[in-house]
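Below is one structure; the comments refer to it alone.
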Number of protein chains: 2
Amino acid sequence: MMKGKEKLLENLRYVFEPKSIAVFGASPTPGKLGNVVMKNLVLGEYAGKIYPVNPKYDEVLGHKCYGNVLRVKEKIDCAIVVTPAETVPKIINECGRMGVRGAVVLSGGFSEVGRNDLEEELAKAALRYNISLVGPNCLGIYNPYARVDSNFNPAYKSGRPGPGSISFITQSGAVGACTIDIAAHYGVGIAKFISYGNGSVLNEADYLEYLENDKQTKSIILYIEGAKDGRKLFEAMRKVNRKKPIVAMKAGKYGKAMKAAKSHTGNLAGNYLAYRAAFRQAKVTEAENFDEIFDFIRIFNQPLPRGRRVAVITNGGGMGVLTADALEMHGFSMPELEEKAKTTLRKMMPGYVNIENPLDLVGDAGVGAYEKAIELAMQDKNIDSLIIIVLYQTPRIDERILGVLTRASDDRRKPVAVISVGGSYTEEKRRVLEGYGVPTYAYPLAAVKALEKLTVYSEYRKTLK
Amino acid sequence: MMKGKEKLLENLRYVFEPKSIAVFGASPTPGKLGNVVMKNLVLGEYAGKIYPVNPKYDEVLGHKCYGNVLRVKEKIDCAIVVTPAETVPKIINECGRMGVRGAVVLSGGFSEVGRNDLEEELAKAALRYNISLVGPNCLGIYNPYARVDSNFNPAYKSGRPGPGSISFITQSGAVGACTIDIAAHYGVGIAKFISYGNGSVLNEADYLEYLENDKQTKSIILYIEGAKDGRKLFEAMRKVNRKKPIVAMKAGKYGKAMKAAKSHTGNLAGNYLAYRAAFRQAKVTEAENFDEIFDFIRIFNQPLPRGRRVAVITNGGGMGVLTADALEMHGFSMPELEEKAKTTLRKMMPGYVNIENPLDLVGDAGVGAYEKAIELAMQDKNIDSLIIIVLYQTPRIDERILGVLTRASDDRRKPVAVISVGGSYTEEKRRVLEGYGVPTYAYPLAAVKALEKLTVYSEYRKTLK
């Protein structure tokens, strides 16, 4: 059995990097899932061969359409299936006979609606041929490196992120879709996206193991409602998290929500406290709420801080106060800067600037003041991390600040989080910074909570040495 | 003294609805505060007379500039002052002699940097002539109804909201500026914006009293670091909150942050627990964090719910699960719909839709399914409030949903909160809905926390009858 699982993990390469794909249920009709998936591949510039399969059509989006997959003469690496549940086990069996070793089943109608029989049949077919099957009842996968995309939400409504280093394992398609849409909006790249739904053949623990050795993946989001095998999940989390930080969220925590989760992917939503304990023991970063997933994962591209001493640099006094409140609430200190740094700042700044931490450069600070203050904080022996608040609304801040902040984030002596609060102009700048990998937050608490998670993870990593 | 205070409150009309404004320190140089303020008035289509005052210039932005205000022959209602602190008391004295009864002093350099002498001199001058003085050390005021705007952040960087019903009293200019910028981004209108900084003549309690009788104001945000007179603030909050809901936030809660607040507006940041107790006793809605301010205030345009029974309608199962988790955590129930509603839904929906609460219409729900489900929940005797989750990413949701959601929000039988999670396309729709007054949230917890605040306020209002 272990042998079989290894083979399945190995065969996931046919799912993520297929040289050819057959789309079962391909359709020329806009709005149909089989149409969206075809468009993803064709318009998304997937470089491999595409074989639509649907007895109703001769051609779909310019590709010859096959009435039956058995008629395809060339080798097929991966099957993407959107046909009704009843038809899927047979399709997987046929695929197996044809040598297909990867499959993504988007179709619903299995255990989540009580059809456990159909789901077992499906799993049996996949296991018989060692087919790595993602799903059923899911959004499938997205790999921007290979331009493979089974997300059936149209691209004009739901953005597709570019290549990056964050991977995403999600039980809920909707939650996964929303998150990568947000990632695309902010220009945050991803490595692999896996919506596994009912997870009848491969589950969260398997995908974690797969990502442990995935070259592009540097950090992992895990969104889970109910695992099939809690012990196995715990072991996988603990092992992978040592190398690649995991941000995990458990949904379906309480009564009604647990029930809703059950009818959602057919998996029992386990006891939340057990998951919470597992996250803590595995030293995995828990996101308690949805917004924290994206807030937390973005800061893990920063170097790990050596301690809890933070320098806050701001051009808005009130935002400095709010950040200081949040830092103190989360166990950080804001020590004074070293004497030499204070002397330099005193010489450089107008007399009405108080040389404190938070360092309020005041509303008429220009880009140069930030540049100098950041360099001093980077050098300062009293400081482990930097939080830089930039209110773009002030008259003297111009777009050169983006270069200064990007350099600070790329510096890698100390972790940096940026806070920028505001409307359209500010959001535009946030998107630019995120695109350059600068973790940028819409309000103080979000940045502080993220920095705390990074700091706790850093403390954990130190214990491993 | 009480007489004087009444006169000052009365004279605030010269600040908010002046027929003429003198700008002290007006400048033709882009980037200067005196230039931004002039541009606000000229480009913002302020309809009254504008008198720039600055001995250096003959003309500023096409308006005749005066070397001394005493040379202006016409009546001036309000003075906006951006000149150095030392010059301000004299200016206010001159204004007093000229019959000016409103003043907004943006200049810093008073008690926040230890110049209590200058601030006392300033207050004395204002009180001598019953001048309602906003500031000093602030962003001043914004009244979209009269197009008066002393915000010195350029309009292209910091949006200006249109007319609406939310008013905002803030001690921190930066926090205020960011909030109205966010409001503008989402098309949320405001009634009055007041950044009062050091508050040397009028303070938060006075502005609350003023807004109690302001026709355009229906709800109030109060952002405070440290009040001069806690008892007076408490009384004002309690009185005004009975009529118009107040969302209050106290910043500078802990050690370092309290110190930072002191050097920010020269006011001692009082003990947080005392403020927290005051908020609770006055039944004011507390925002503990910055993001909650805007999240909470927006839902107060909805009718007050009769109880804690919520219907959740969704097209994304996972988001329904997350919302259910948050509702249960916040003491809400999700009862079954009435039998007749369930029967109707069963007839109408495909067989794989489970008629539960949360009601998951599943990913291929169209606009019609939402319309029907919303109407049933509005009629349903088991339901007090509606949370409607719309994931715009799904293929079958189109823009007609915006009309359905706007009608639900305008319906006024029951309060409605919308949750929409995603990137660019979704954000665009959120902005449209907010512009029509539909409280729309970026993730489940934000909506649930807001609905909880509305529900608690509703429970309080019932006790008053």
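Naming convention: chains lettered A, B, ... in sequence-line order (proteins, then strands); numbering from 1 in each chain. Note that the structure is a prediction, hence the values are computed from the model and not measured.
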- Task: Measure the spacing between CZ of A:Phe152 and CG of B:Asp364 and express it to the nearest 0.5 Å.
- Result: 9.0 Å
- Message: Can you tell me which of B:Thr426, B:Asp291, B:Asn357, B:Asn151 forms the most heavy-atom pairs within a distance under 4.5 Å of chain A?
- Response: B:Asp291
- Note on the structure: Scanning both residues in full, the closest heavy-atom pair of A:Pro395 with B:Gly31 reads CB-O, 3.7 Å
- Message: Restricting to non-hydrogen atoms, name the atom on B:Cys178 and the atom on A:Leu391 that form the minimum distance, rounded to 0.1 Å.
- Response: SG-CD2, 3.6 Å
- Least distance between heavy atoms, B:Gly318 atom then A:Ser172 atom: CA-OG, 3.4 Å
- Decide yes or no for B:Phe290 and A:Ile419: does some side-chain heavy atom of the first lie under 4.5 Å from some side-chain heavy atom of the second? no
- Closest-packed option against chain A by number of heavy-atom pairs under 4.5 Å, given B:Gly422, B:Ser158, B:Ala324, B:Ala442: B:Gly422
- Item | Among B:Asn153, B:Val175, B:Asp325, B:Ile182, residue most engaged with chain A (heavy-atom pairs, under 4.5 Å) | B:Asp325
- Message: Looking at every heavy atom in both B:Ala174 and A:Gly316, which two are closest together, and how far apart are they?
- Response: CB-CA, 3.8 Å
- Contact origin within B:Ile397 toward chain A - heavy atom pairs under 4.5 Å: both
- Comparing B:Ser420, B:Pro154, B:Pro444 against chain A, the one with the most heavy-atom pairs below 4.5 Å turns out to be B:Pro154
- Task: Select, from A:Met249, A:Lys32, A:Glu328, the one with the greatest count of heavy-atom pairs under 4.5 Å involving chain B.
- Result: A:Glu328
- Task: Starting at CE of A:Met329, measure out to CG of B:Asn289 and round the result to the nearest 0.5 Å.
- Result: 8.5 Å
- Message: Do B:Leu322 and A:Tyr223 have side chains that approach each other closer than 4.5 Å (heavy atoms only, starting at C-beta)?
- Response: yes
- Item | Pairs where residues 173-188 of chain A contributes a residue and the test side-chain hydrogen bond (donor to acceptor under 3.5 Å, both in side chains) is met, not counting sequence neighbours | A:Asp181-B:Gln393, A:His185-B:Ser424, A:Tyr186-A:Glu427, A:Tyr186-A:Arg430
- Task: Report the option among B:Val421, B:Leu327, B:Asn315 that has the most heavy-atom pairs separated by less than 4.5 Å from atoms of chain A.
- Result: B:Val421
- Query: With only heavy atoms counted, which part of B:Tyr392 is less than 4.5 Å from chain A, the side chain, the backbone, both or neither?
  - Reply: backbone
- Under the salt bridge (Lys or Arg N to Asp or Glu O under 4.0 Å) test, which residues partner B:Lys157, sequence neighbours left out? none
- Task: Step through the shown structure and confirm whether more than 12 heavy atoms of other residues, nucleotides or ligands are within 6.0 Å of CD on B:Glu86.
- Result: yes
